[in-house]
Amino acid sequence: MKLEMKDSPGQLVAVIQPISEIGGNILSVIHERDPAVKSDVLDVQILCEIPEGSLESLLASFRDRGVNVLRIGEERLLVRRSVILIGHLIHTDISDTIDKIDSTGFAEVHALSMIMPAITEPSSTKMTIKSDSLANINRALDILRKVAREKEFLIIEPLEDV
Amino acid sequence: MRIAMLGLGSVGKGIARAVMEQDLGFSLTAVADSKSGRIEPSGIDIAPMLDQKERTGMCGTAGVTAAEILASDVYDILIEVSPTNAETGEPALGYIREALSRGKSVVTSNKGPVALDFQSLHRLAKENGAYFRYEATVCGAIPIMHTIESGLAGNTITKLYGVFNGTCNYILTRMAEEGLTYQQALLEARELGYAEADPTYDVKGIDAAIKLVILANAVWGMEKTLDDVDITGIDGVTTAAIALAEEQDLTIRLIGEIIPAENILRVSPRIVSKSHPLVVEETLNAVAIDTEMAGEITLIGKGAGSLETASAVISDLLFIRDCHGGRS
C-alpha cells in the first residue's frame, strides 16, 4: 500500500506500530526522500502480510495516527496450515517432499521445524504451508497426503484452522 | 419390572448392586455368567447371589444357560452385558435377537452387536413392540444418545466429533505432560488398568471407530460398518511431534469425526488448540455435537469404567420403565 505521512520524526513508527499490533509482518518498506521536492509530506510504500479480516481495523488505526492511505495495491489472501509429519523423512528425501508442494505454483512450504531423536528412529517435522486461498491449501494438502502414503509417513492434520 | 441379566462381570455386578440398593422398581429374576445361571421368577436375593459369585466364580447352577433364561419368559427387559466380540458380535448378538423376537426390551453395553447389526436389531425391536437401548456402548457415562434423542430433539445433527477412547487420551496426555515416549505411556496405562494386555483395539483407533459406526447408524440411520471408517491410530505418534505442537500452544488428540454431508467417517490423531473443549485430560472422553438450532454442544465425562457403564445401563432401564408407564 502507498501511504502519505508528515515529514517529521517518528512518523514511520505510526505506520509500523499498527501493523505489528494486529500481528502483521512487514516484508518491505520503500521510503524515498527526494531532496528536490520541497514538501512537508512524504510517501511510503509498504508491503506487508496481515491476518485475515484485519485490513479495516488497520486502516482505521492509520487514520487515527494521521497517516493517509493513498492506495491499496493488490490484496492477496494468505492462508497458512501447519501439519506434523512423522516418519523417515530425511531418508525419503524431504527436499523432494517440499518440492512437490513448491512446484505447484499455488502453494509453498513456508516453514519447517524438525526433531530427529536418533538415526534409526522416525523424525518429527512441523511443516507450514502457505497459499493465497483455502482451496489451494487444500489442494496442497491432498498432494502431501498422497506423498505421505507413498513414502509411508504419518501426517497429523489440524482439527481447526490452526 | 422384571429384568434378566446376561453377564456378571464388573458391569453386571454394578448393575445388580444398584438394583439392590436403590429403589428403582426392578426385580432381577434371572442371571447368567459364562459358567452358570439361575432363574427365580419371584426375584433373586441379590446379596447372597453376589456373595456366591465372589466365592465360587459362579452366580448360580452350572448347566443353567443363557438360552434357558431367554426362553423362560420371566423377564420384561434383558440386560446384555457379556464380553464383546467386535468381529462376529456373538454370542451376544444371538441373545439380543432372541429377546427382541420375543417382544422383550433389551439394554446392552456390548459394542460388537450394535456396531455390526444396528439396523436389523432396531427393526426387530420395532416389529415386536420392544425397546432396544445401547447408551453404554458409546462414551460410557456420557449420556450422548439420550442427549441427541431427547435433549436435542428437533435438531438436525450436522456433525459429531470428539475423543472417544480414554486409553489413547491417557497416553497422549502423559506424553505431553511428562515427555514420556509412546511405549512408556502405554506401559503406564497398562499398569493402571486403563489399557488391555493387548492394546491394539484402543491404540490403533478401532475402538473409537466402532463407536463412530454405532453413532453413524443410530443418529443418521446409515448402514456403515468398520470398513467404512478411515482409521489411523496413535501408535505412530512421537513425543517430538507433541513437543512441536506445543511450541504453538497446540497438542495432539485422537479425534473421531462424522460429517455426513462430506461423507467423512474418520478416526485420526489431530493437532488441536489446547484451549479447545475437546482437549480433555487423562481417560476422559469428550464429544461435540454440532446442530442447526442449538449450535455446538460439548459433553465431557468418563468414557469407561464399570460403574460408569452401569450408570448408562441403568439410565436406559429407567427410560424403558418410564416409557412403559409403570407396567409391572
Side-chain angles (χ1 to χ4, degrees), chain A residues 23 25 51-52 79-92 94 97-98 109-130 134-135 137-142 144-162, chain B residues 159-163 168 172 175-176 179-184 203-205 230-257 259 262 264 266-280 286-288 290 296 298:
Chain A
N25 180 28
E52 205 179 327
V79 188
R80 286 196 183 85
R81 281 290 175 284
S82 291
V83 295
I84 291 176
L85 310 175
I86 303 170
H88 293 290
L89 305 161
I90 302 289
H91 300 159
T92 55
I94 191 147
T97 305
I98 294 169
V109 174
H110 173 66
L112 203 64
S113 171
M114 183 178 277
I115 298 176
M116 296 182 286
I119 200 154
T120 51
E121 286 181 37
S123 314
S124 305
T125 294
K126 186 166 70 191
M127 179 185 277
T128 305
I129 300 170
K130 70 174 183 182
L134 200 56
I137 279 280
N138 287 332
R139 282 166 73 194
L141 284 175
D142 275 341
L144 196 61
R145 287 184 199 114
K146 190 165 164 273
V147 175
R149 275 195 300 276
E150 284 165 10
K151 296 189 177 180
E152 293 181 350
F153 53 74
L154 174 64
I155 173 165
I156 304 182
E157 296 184 36
L159 181 65
E160 317 135 283
D161 300 344
V162 290
Chain B
K159 179 180 176 184
L160 255 173
Y161 65 114
V163 169
C168 290
L172 293 172
M175 287 171 77
L180 301 181
T181 63
Y182 165 75
Q183 288 299 344
Q184 287 167 333
V203 299
K204 295 270 185 197
D230 182 7
I231 311 172
T232 308
I234 62 156
D235 47 340
V237 176
T238 58
T239 317
I242 296 176
L244 286 168
E246 296 236 333
E247 284 173 5
Q248 282 179 291
D249 223 22
L250 307 167
T251 192
I252 295 176
R253 286 291 186 269
L254 185 72
I255 302 289
E257 57 185 330
I259 312 172
E262 296 172 40
I264 288 175
R266 174 171 58 201
V267 174
S268 58
R270 302 290 281 276
I271 305 168
V272 196
S273 162
K274 277 185 176 174
S275 59
H276 196 286
L278 290 183
V279 179
V280 289
V287 194
D290 215 347
E296 191 164 285
T298 304

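What you see is a predicted model; the values in this text were computed from it and never measured. In the text below, chain A, chain B and the rest are named by the order of the sequence lines, each starting its count at 1.
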>> Can you confirm whether Glu152(A) is buried at CD, in the sense that more than 12 heavy atoms of other residues, nucleotides or ligands lie under 6.0 Å from that atom?
In response: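 Atom CD in Glu152(A) is not packed in, count stays at 12 or less.
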Given heavy-atom pairs under 4.5 angstrom as the criterion, report whether the side chain, backbone, both or neither of [X] touches chain B.
X	value
Ile86(A)	side chain
Ile156(A)	both
Thr125(A)	backbone

> What are the residues of residues 111-121 of chain A, in order of number, with any heavy atom under 4.5 angstrom from a heavy atom of chain B?
Replying inline: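 Expected list: Ser113(A), Ile115(A).
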> Among all residues two or more places apart in sequence or in another chain, which pass the side chain to side chain donor-acceptor pair (under 3.5 Å) test with Thr238(B)?
Replying inline: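 By the side chain to side chain donor-acceptor pair (under 3.5 Å) rule, Thr238(B) matches Ser124(A).
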> Between Ile255(B) and chain A, which part of the residue has a heavy atom less than 4.5 Å away: side chain, backbone, both or neither?
Replying inline: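 It is the side chain, since no backbone atom gets that close.
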>> Show me the pairs that pass salt bridge (charged side-chain N to carboxylate O under 4.0 Å, His left out) and involve residues 231-241 of chain B, at least two apart or across chains.
In response: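 Those involving residues 231-241 of chain B are Lys204(B)-Asp235(B).
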> For the residue pair Pro158(A) and Arg270(B), what are the closest heavy atoms and their distance?
Replying inline: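 Looks like O-NH2, 3.3 Å.
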> What closest approach, in Å, do Ile271(B) and Ser82(A) show between heavy atoms, and which atom pair accounts for it?
Replying inline: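 That closest heavy-atom pairing would be CD1-O, 3.6 Å.
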> How would you list, by chain and number, every residue that makes a salt bridge (charged side-chain N to carboxylate O under 4.0 Å, His left out) with Glu150(A), sequence neighbours excluded?
Replying inline: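 In terms of salt bridge (charged side-chain N to carboxylate O under 4.0 Å, His left out), with neighbours along the sequence ignored, Glu150(A) is linked to Lys146(A).
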> What is the distance from atom OG1 of Thr251(B) to atom CG of Leu159(A), rounded to the nearest 0.5 Å?
Replying inline: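 Interatomic distance, Thr251(B) OG1 to Leu159(A) CG, rounded to 0.5 Å: 12.0 Å.
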